[in-house]
There are 2 protein chains.
Amino acid sequence: MSREDPFDSALDLELERVVDVKPALVWASWTEPERLMKWFCPKPWQTVECDIDLRPGGIFRTVMRTPEGELMPHSVGCYLEVVPNEKLVWTTALLPGFRPVAAATDGSDGCHTIEFTAIISLKPQGEGTRYRVVVRHGDEASARRHVEMGFHDGWNTVLDQLVAEAKR
Amino acid sequence: MSREDPFDSALDLELERVVDVKPALVWASWTEPERLMKWFCPKPWQTVECDIDLRPGGIFRTVMRTPEGELMPHSVGCYLEVVPNEKLVWTTALLPGFRPVAAATDGSDGCHTIEFTAIISLKPQGEGTRYRVVVRHGDEASARRHVEMGFHDGWNTVLDQLVAEAKR
(Lines give C-alpha, C1' and ligand atoms only; values in the text may rest on other atoms or scores of the structure.)
Protein backbone atom coordinates (compact mmCIF):
# COMPACT_ATOMS: atom_id res chain seq x y z
CA MET A 1 0.00 0.00 0.00
CA SER A 2 1.57 3.34 -0.93
CA ARG A 3 1.90 5.86 1.82
CA GLU A 4 -0.86 8.52 2.06
CA ASP A 5 0.24 12.12 2.20
CA PRO A 6 -1.06 14.21 5.16
CA PHE A 7 -4.68 15.46 4.93
CA ASP A 8 -5.10 19.25 5.04
CA SER A 9 -8.62 20.07 6.19
CA ALA A 10 -8.45 23.59 4.68
CA LEU A 11 -7.52 22.33 1.22
CA ASP A 12 -8.72 18.73 1.01
CA LEU A 13 -12.15 17.09 0.94
CA GLU A 14 -12.74 13.47 1.85
CA LEU A 15 -15.32 10.73 1.76
CA GLU A 16 -14.91 7.33 3.37
CA ARG A 17 -17.49 4.52 3.44
CA VAL A 18 -17.62 0.73 3.50
CA VAL A 19 -19.59 -0.64 0.55
CA ASP A 20 -20.70 -4.21 0.00
CA VAL A 21 -18.97 -4.64 -3.34
CA LYS A 22 -15.52 -6.20 -3.67
CA PRO A 23 -12.51 -3.99 -4.55
CA ALA A 24 -12.06 -5.62 -7.98
CA LEU A 25 -15.59 -4.64 -8.98
CA VAL A 26 -15.21 -1.11 -7.64
CA TRP A 27 -11.96 -0.91 -9.64
CA ALA A 28 -13.71 -2.11 -12.80
CA SER A 29 -16.44 0.49 -12.24
CA TRP A 30 -13.79 3.22 -12.20
CA THR A 31 -11.61 1.96 -15.04
CA GLU A 32 -13.98 0.59 -17.72
CA PRO A 33 -15.69 3.36 -19.73
CA GLU A 34 -18.96 1.48 -20.30
CA ARG A 35 -19.28 0.88 -16.54
CA LEU A 36 -18.18 4.38 -15.48
CA MET A 37 -20.70 6.10 -17.77
CA LYS A 38 -23.56 4.42 -15.85
CA TRP A 39 -22.78 5.96 -12.47
CA PHE A 40 -20.25 8.81 -12.73
CA CYS A 41 -22.62 11.77 -12.40
CA PRO A 42 -25.75 12.15 -10.25
CA LYS A 43 -28.92 11.15 -12.19
CA PRO A 44 -30.77 12.54 -14.10
CA TRP A 45 -27.52 13.99 -15.45
CA GLN A 46 -25.70 11.51 -17.69
CA THR A 47 -22.11 10.78 -18.69
CA VAL A 48 -22.34 10.33 -22.46
CA GLU A 49 -18.66 10.11 -23.41
CA CYS A 50 -15.69 8.61 -21.58
CA ASP A 51 -12.05 8.07 -22.63
CA ILE A 52 -9.74 6.12 -20.33
CA ASP A 53 -6.05 5.42 -21.02
CA LEU A 54 -5.16 3.70 -17.77
CA ARG A 55 -1.49 4.60 -17.27
CA PRO A 56 0.37 7.47 -15.60
CA GLY A 57 -0.11 10.41 -17.97
CA GLY A 58 -2.97 8.67 -19.75
CA ILE A 59 -6.15 10.58 -20.58
CA PHE A 60 -9.25 10.61 -18.41
CA ARG A 61 -12.00 12.51 -20.25
CA THR A 62 -15.76 12.63 -19.72
CA VAL A 63 -18.61 14.55 -21.28
CA MET A 64 -21.84 15.08 -19.33
CA ARG A 65 -25.35 15.86 -20.56
CA THR A 66 -27.94 17.85 -18.64
CA PRO A 67 -31.46 16.49 -18.09
CA GLU A 68 -32.54 18.98 -20.79
CA GLY A 69 -30.16 17.31 -23.25
CA GLU A 70 -27.47 19.99 -23.30
CA LEU A 71 -23.88 18.72 -23.64
CA MET A 72 -21.46 20.20 -21.11
CA PRO A 73 -17.85 21.08 -22.05
CA HIS A 74 -15.73 17.97 -21.66
CA SER A 75 -13.71 17.49 -18.48
CA VAL A 76 -10.22 16.25 -19.29
CA GLY A 77 -7.29 15.37 -17.09
CA CYS A 78 -4.82 12.54 -16.65
CA TYR A 79 -4.05 9.61 -14.40
CA LEU A 80 -1.15 9.93 -11.99
CA GLU A 81 -1.09 6.60 -10.18
CA VAL A 82 -2.67 3.28 -11.14
CA VAL A 83 -2.35 0.44 -8.59
CA PRO A 84 -4.99 -2.14 -9.63
CA ASN A 85 -7.75 -2.79 -7.06
CA GLU A 86 -5.91 -0.54 -4.58
CA LYS A 87 -5.28 3.06 -5.63
CA LEU A 88 -6.34 5.31 -8.51
CA VAL A 89 -5.13 8.90 -8.70
CA TRP A 90 -6.18 11.37 -11.41
CA THR A 91 -6.05 15.14 -11.71
CA THR A 92 -7.66 17.95 -13.66
CA ALA A 93 -4.53 20.07 -13.12
CA LEU A 94 -2.54 18.20 -15.76
CA LEU A 95 -3.63 17.22 -19.26
CA PRO A 96 -2.69 13.95 -20.95
CA GLY A 97 1.07 13.51 -21.27
CA PHE A 98 1.37 15.33 -17.90
CA ARG A 99 0.99 18.68 -19.69
CA PRO A 100 0.22 21.53 -17.27
CA VAL A 101 -3.17 23.13 -17.81
CA ALA A 102 -2.79 26.52 -19.50
CA ALA A 103 -3.37 29.50 -17.23
CA ALA A 104 -6.89 30.80 -17.94
CA THR A 105 -6.65 33.47 -20.63
CA ASP A 106 -10.31 34.23 -21.15
CA GLY A 107 -10.25 37.36 -19.01
CA SER A 108 -12.03 35.54 -16.21
CA ASP A 109 -10.40 35.50 -12.81
CA GLY A 110 -8.65 32.37 -13.98
CA CYS A 111 -10.53 30.33 -11.43
CA HIS A 112 -13.68 29.50 -13.43
CA THR A 113 -12.81 25.80 -13.34
CA ILE A 114 -11.70 23.93 -10.24
CA GLU A 115 -8.37 22.16 -10.48
CA PHE A 116 -8.14 19.18 -8.17
CA THR A 117 -6.48 15.80 -7.71
CA ALA A 118 -8.68 12.84 -6.70
CA ILE A 119 -7.10 9.95 -4.79
CA ILE A 120 -9.30 6.84 -4.59
CA SER A 121 -8.09 4.14 -2.17
CA LEU A 122 -9.68 0.69 -1.88
CA LYS A 123 -9.10 -1.84 0.91
CA PRO A 124 -10.87 -5.18 1.31
CA GLN A 125 -13.17 -5.14 4.36
CA GLY A 126 -15.23 -8.24 5.10
CA GLU A 127 -17.08 -9.09 1.91
CA GLY A 128 -16.85 -5.49 0.72
CA THR A 129 -14.52 -2.54 0.34
CA ARG A 130 -13.38 0.36 2.50
CA TYR A 131 -13.69 3.11 -0.11
CA ARG A 132 -11.79 6.30 0.63
CA VAL A 133 -11.60 9.43 -1.56
CA VAL A 134 -9.38 12.42 -0.87
CA VAL A 135 -9.70 15.41 -3.22
CA ARG A 136 -6.82 17.89 -3.03
CA HIS A 137 -7.07 21.55 -4.04
CA GLY A 138 -4.40 24.21 -4.50
CA ASP A 139 -6.15 26.86 -2.42
CA GLU A 140 -8.97 27.27 0.10
CA ALA A 141 -11.20 29.12 -2.39
CA SER A 142 -11.21 26.12 -4.73
CA ALA A 143 -11.98 23.74 -1.88
CA ARG A 144 -14.84 25.94 -0.69
CA ARG A 145 -16.25 26.26 -4.22
CA HIS A 146 -16.13 22.48 -4.64
CA VAL A 147 -18.18 22.12 -1.42
CA GLU A 148 -20.65 24.78 -2.65
CA MET A 149 -20.98 22.82 -5.92
CA GLY A 150 -22.18 19.87 -3.83
CA PHE A 151 -19.08 17.73 -3.41
CA HIS A 152 -20.35 15.77 -0.41
CA ASP A 153 -23.84 15.00 -1.75
CA GLY A 154 -22.54 14.46 -5.26
CA TRP A 155 -19.74 12.04 -4.48
CA ASN A 156 -21.96 10.12 -2.03
CA THR A 157 -24.76 9.90 -4.58
CA VAL A 158 -22.48 8.64 -7.34
CA LEU A 159 -20.98 6.06 -4.97
CA ASP A 160 -24.52 4.79 -4.32
CA GLN A 161 -25.00 4.66 -8.09
CA LEU A 162 -21.66 2.82 -8.54
CA VAL A 163 -22.72 0.17 -5.99
CA ALA A 164 -26.18 -0.22 -7.53
CA GLU A 165 -24.73 -0.66 -11.03
CA ALA A 166 -22.05 -3.08 -9.78
CA LYS A 167 -24.74 -5.30 -8.23
CA ARG A 168 -26.74 -5.62 -11.44
CA MET B 1 9.93 1.45 -22.17
CA SER B 2 6.73 3.40 -21.57
CA ARG B 3 5.18 5.00 -24.59
CA GLU B 4 6.12 8.68 -25.26
CA ASP B 5 3.25 11.08 -25.84
CA PRO B 6 3.35 13.15 -29.07
CA PHE B 7 5.73 16.14 -29.11
CA ASP B 8 4.08 19.53 -29.73
CA SER B 9 6.65 21.95 -31.09
CA ALA B 10 4.59 24.99 -30.03
CA LEU B 11 4.34 23.87 -26.42
CA ASP B 12 7.28 21.53 -25.79
CA LEU B 13 11.04 21.99 -25.64
CA GLU B 14 13.52 19.16 -26.10
CA LEU B 15 17.13 18.26 -25.77
CA GLU B 16 18.68 14.99 -26.93
CA ARG B 17 22.33 14.00 -26.74
CA VAL B 18 24.46 10.90 -26.34
CA VAL B 19 26.74 11.17 -23.31
CA ASP B 20 29.58 8.85 -22.35
CA VAL B 21 28.21 7.98 -18.93
CA LYS B 22 26.11 4.87 -18.27
CA PRO B 23 22.35 5.22 -17.55
CA ALA B 24 22.72 4.05 -13.94
CA LEU B 25 25.16 6.88 -13.21
CA VAL B 26 23.00 9.48 -14.96
CA TRP B 27 20.07 8.16 -12.89
CA ALA B 28 22.09 8.48 -9.67
CA SER B 29 23.03 12.04 -10.66
CA TRP B 30 19.32 12.92 -10.93
CA THR B 31 18.07 11.06 -7.88
CA GLU B 32 20.69 11.50 -5.15
CA PRO B 33 20.58 14.99 -3.56
CA GLU B 34 24.33 15.24 -2.88
CA ARG B 35 25.06 14.43 -6.52
CA LEU B 36 22.31 16.65 -7.98
CA MET B 37 23.44 19.71 -6.05
CA LYS B 38 26.82 19.58 -7.83
CA TRP B 39 25.48 20.03 -11.35
CA PHE B 40 21.81 21.11 -11.34
CA CYS B 41 22.24 24.80 -12.13
CA PRO B 42 24.76 26.53 -14.42
CA LYS B 43 27.89 27.62 -12.51
CA PRO B 44 28.66 30.01 -10.84
CA TRP B 45 25.10 29.66 -9.56
CA GLN B 46 24.79 26.88 -6.96
CA THR B 47 22.10 24.49 -5.77
CA VAL B 48 22.40 24.72 -1.98
CA GLU B 49 19.37 22.68 -0.87
CA CYS B 50 17.73 19.62 -2.39
CA ASP B 51 14.90 17.36 -1.14
CA ILE B 52 14.08 14.21 -3.10
CA ASP B 53 11.30 11.75 -2.20
CA LEU B 54 11.57 9.42 -5.15
CA ARG B 55 8.01 8.16 -5.64
CA PRO B 56 4.97 9.35 -7.59
CA GLY B 57 3.71 12.36 -5.64
CA GLY B 58 6.99 12.67 -3.75
CA ILE B 59 8.64 16.07 -3.26
CA PHE B 60 11.33 17.47 -5.53
CA ARG B 61 12.58 20.75 -4.06
CA THR B 62 15.71 22.79 -4.74
CA VAL B 63 17.04 26.12 -3.53
CA MET B 64 19.55 28.03 -5.65
CA ARG B 65 22.06 30.71 -4.66
CA THR B 66 23.28 33.51 -6.92
CA PRO B 67 27.01 34.18 -7.41
CA GLU B 68 26.49 37.18 -5.08
CA GLY B 69 25.27 34.82 -2.35
CA GLU B 70 21.57 35.64 -2.55
CA LEU B 71 19.20 32.70 -1.93
CA MET B 72 16.44 32.34 -4.52
CA PRO B 73 12.89 31.27 -3.57
CA HIS B 74 12.75 27.50 -3.51
CA SER B 75 11.44 25.61 -6.50
CA VAL B 76 9.12 22.82 -5.42
CA GLY B 77 7.18 20.24 -7.38
CA CYS B 78 6.62 16.49 -7.37
CA TYR B 79 7.61 13.35 -9.19
CA LEU B 80 5.07 11.77 -11.53
CA GLU B 81 6.85 8.72 -12.90
CA VAL B 82 9.93 6.91 -11.59
CA VAL B 83 11.27 4.04 -13.76
CA PRO B 84 14.84 3.42 -12.48
CA ASN B 85 17.62 4.02 -15.05
CA GLU B 86 14.95 4.61 -17.72
CA LYS B 87 12.47 7.42 -17.11
CA LEU B 88 12.05 10.22 -14.58
CA VAL B 89 9.10 12.61 -14.80
CA TRP B 90 8.60 15.58 -12.47
CA THR B 91 6.46 18.70 -12.63
CA THR B 92 6.26 22.15 -11.11
CA ALA B 93 2.49 22.19 -11.81
CA LEU B 94 1.72 19.90 -8.88
CA LEU B 95 3.03 20.11 -5.33
CA PRO B 96 3.90 17.09 -3.20
CA GLY B 97 0.95 14.77 -2.69
CA PHE B 98 -0.14 15.70 -6.25
CA ARG B 99 -1.66 18.93 -4.91
CA PRO B 100 -2.45 21.41 -7.69
CA VAL B 101 -0.46 24.63 -7.50
CA ALA B 102 -2.64 27.47 -6.24
CA ALA B 103 -3.66 29.99 -8.91
CA ALA B 104 -1.37 33.04 -8.46
CA THR B 105 -3.09 35.50 -6.14
CA ASP B 106 -0.36 38.10 -5.80
CA GLY B 107 -1.91 40.49 -8.29
CA SER B 108 0.69 39.60 -10.88
CA ASP B 109 -0.52 38.36 -14.22
CA GLY B 110 -0.50 34.94 -12.63
CA CYS B 111 2.27 33.86 -14.95
CA HIS B 112 5.32 35.02 -12.92
CA THR B 113 6.47 31.43 -12.57
CA ILE B 114 6.62 28.88 -15.38
CA GLU B 115 4.72 25.64 -14.83
CA PHE B 116 6.21 22.74 -16.73
CA THR B 117 6.61 18.98 -16.71
CA ALA B 118 10.09 17.55 -17.41
CA ILE B 119 10.37 14.04 -18.88
CA ILE B 120 13.87 12.59 -18.76
CA SER B 121 14.39 9.39 -20.78
CA LEU B 122 17.57 7.32 -20.71
CA LYS B 123 18.53 4.55 -23.12
CA PRO B 124 21.82 2.63 -23.16
CA GLN B 125 23.86 3.51 -26.27
CA GLY B 126 27.27 1.91 -26.71
CA GLU B 127 29.20 2.59 -23.49
CA GLY B 128 27.05 5.64 -22.77
CA THR B 129 23.47 6.91 -22.68
CA ARG B 130 21.05 8.46 -25.15
CA TYR B 131 19.75 11.25 -22.90
CA ARG B 132 16.45 12.81 -23.97
CA VAL B 133 14.57 15.61 -22.18
CA VAL B 134 11.12 16.84 -23.16
CA VAL B 135 9.71 19.80 -21.22
CA ARG B 136 5.96 20.32 -21.61
CA HIS B 137 4.18 23.64 -21.08
CA GLY B 138 0.49 24.52 -20.87
CA ASP B 139 0.64 27.39 -23.32
CA GLU B 140 2.92 28.93 -25.98
CA ALA B 141 3.71 31.97 -23.83
CA SER B 142 5.23 29.76 -21.12
CA ALA B 143 7.25 27.82 -23.67
CA ARG B 144 8.54 31.03 -25.24
CA ARG B 145 9.44 32.49 -21.84
CA HIS B 146 11.34 29.33 -20.94
CA VAL B 147 13.36 29.71 -24.15
CA GLU B 148 14.01 33.40 -23.36
CA MET B 149 15.20 32.35 -19.89
CA GLY B 150 17.86 30.26 -21.62
CA PHE B 151 16.39 26.76 -21.67
CA HIS B 152 18.63 25.43 -24.44
CA ASP B 153 21.94 26.82 -23.15
CA GLY B 154 20.99 26.11 -19.56
CA TRP B 155 19.94 22.49 -19.93
CA ASN B 156 22.94 21.76 -22.19
CA THR B 157 25.34 23.39 -19.73
CA VAL B 158 23.98 21.48 -16.76
CA LEU B 159 24.16 18.22 -18.73
CA ASP B 160 27.86 18.96 -19.35
CA GLN B 161 28.18 19.57 -15.60
CA LEU B 162 26.33 16.31 -14.82
CA VAL B 163 28.73 14.34 -17.04
CA ALA B 164 31.80 16.05 -15.60
CA GLU B 165 30.68 15.35 -12.01
CA ALA B 166 29.75 11.75 -12.85
CA LYS B 167 33.26 11.12 -14.21
CA ARG B 168 35.01 12.32 -11.04
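Each chain gets a letter, A, B and so on, in the order the sequences are listed, and its residues count up from 1.
With a 6.0 Å radius and a threshold of 12 heavy atoms from other residues, nucleotides or ligands, B:E127 has its CD atom at or below the threshold.
Put simply, the side chain of A:P100 reaches to within 4.5 Å of the side chain of B:T117, judged on heavy atoms.
Following chains of ILVMFWY side-chain contacts shorter than 4.5 Å, one cannot reach A:W90 starting from A:L80, and the two form parts of different hydrophobic clusters. Using a 4.5 Å cut-off between side-chain heavy atoms of Ile, Leu, Val, Met, Phe, Trp and Tyr, with links allowed through other members, B:V147 and B:V133 fall into the same hydrophobic cluster. Hydrophobic clustering keeps B:I59 apart from B:M37 (ILVMFWY residues linked when any side-chain heavy atoms are closer than 4.5 Å, directly or through intermediates). Note on A:L11: it does not cluster hydrophobically with A:V89, by side-chain heavy-atom contacts below 4.5 Å among ILVMFWY residues. A:L162 and A:L25 fall within the same hydrophobic cluster, defined by Ile, Leu, Val, Met, Phe, Trp and Tyr side-chain heavy atoms under 4.5 Å apart, directly or through other members.
Here the straight-line distance linking atom CG of B:L94 with atom CG of A:L94 works out to 4.0 Å at 0.5 Å rounding. For the atom pair CD1 of A:I119 and CZ of B:F98, the computed distance is 7.0 Å after rounding to the nearest 0.5 Å.
Using a 4.5 Å cut-off between heavy atoms, B:L95 makes no contact with chain A at all.
Contacts with chain B were tallied for A:R99, A:H137, A:E115; A:R99 has the most, counting heavy-atom pairs under 4.5 Å.
Listed here is the closest heavy atom pair of A:G138 and B:A102: O-CB, 3.2 Å.
A distance-only check finds a donor-acceptor pair linking the side chain of A:R136 to the backbone of B:G97 [under 3.5 Å].
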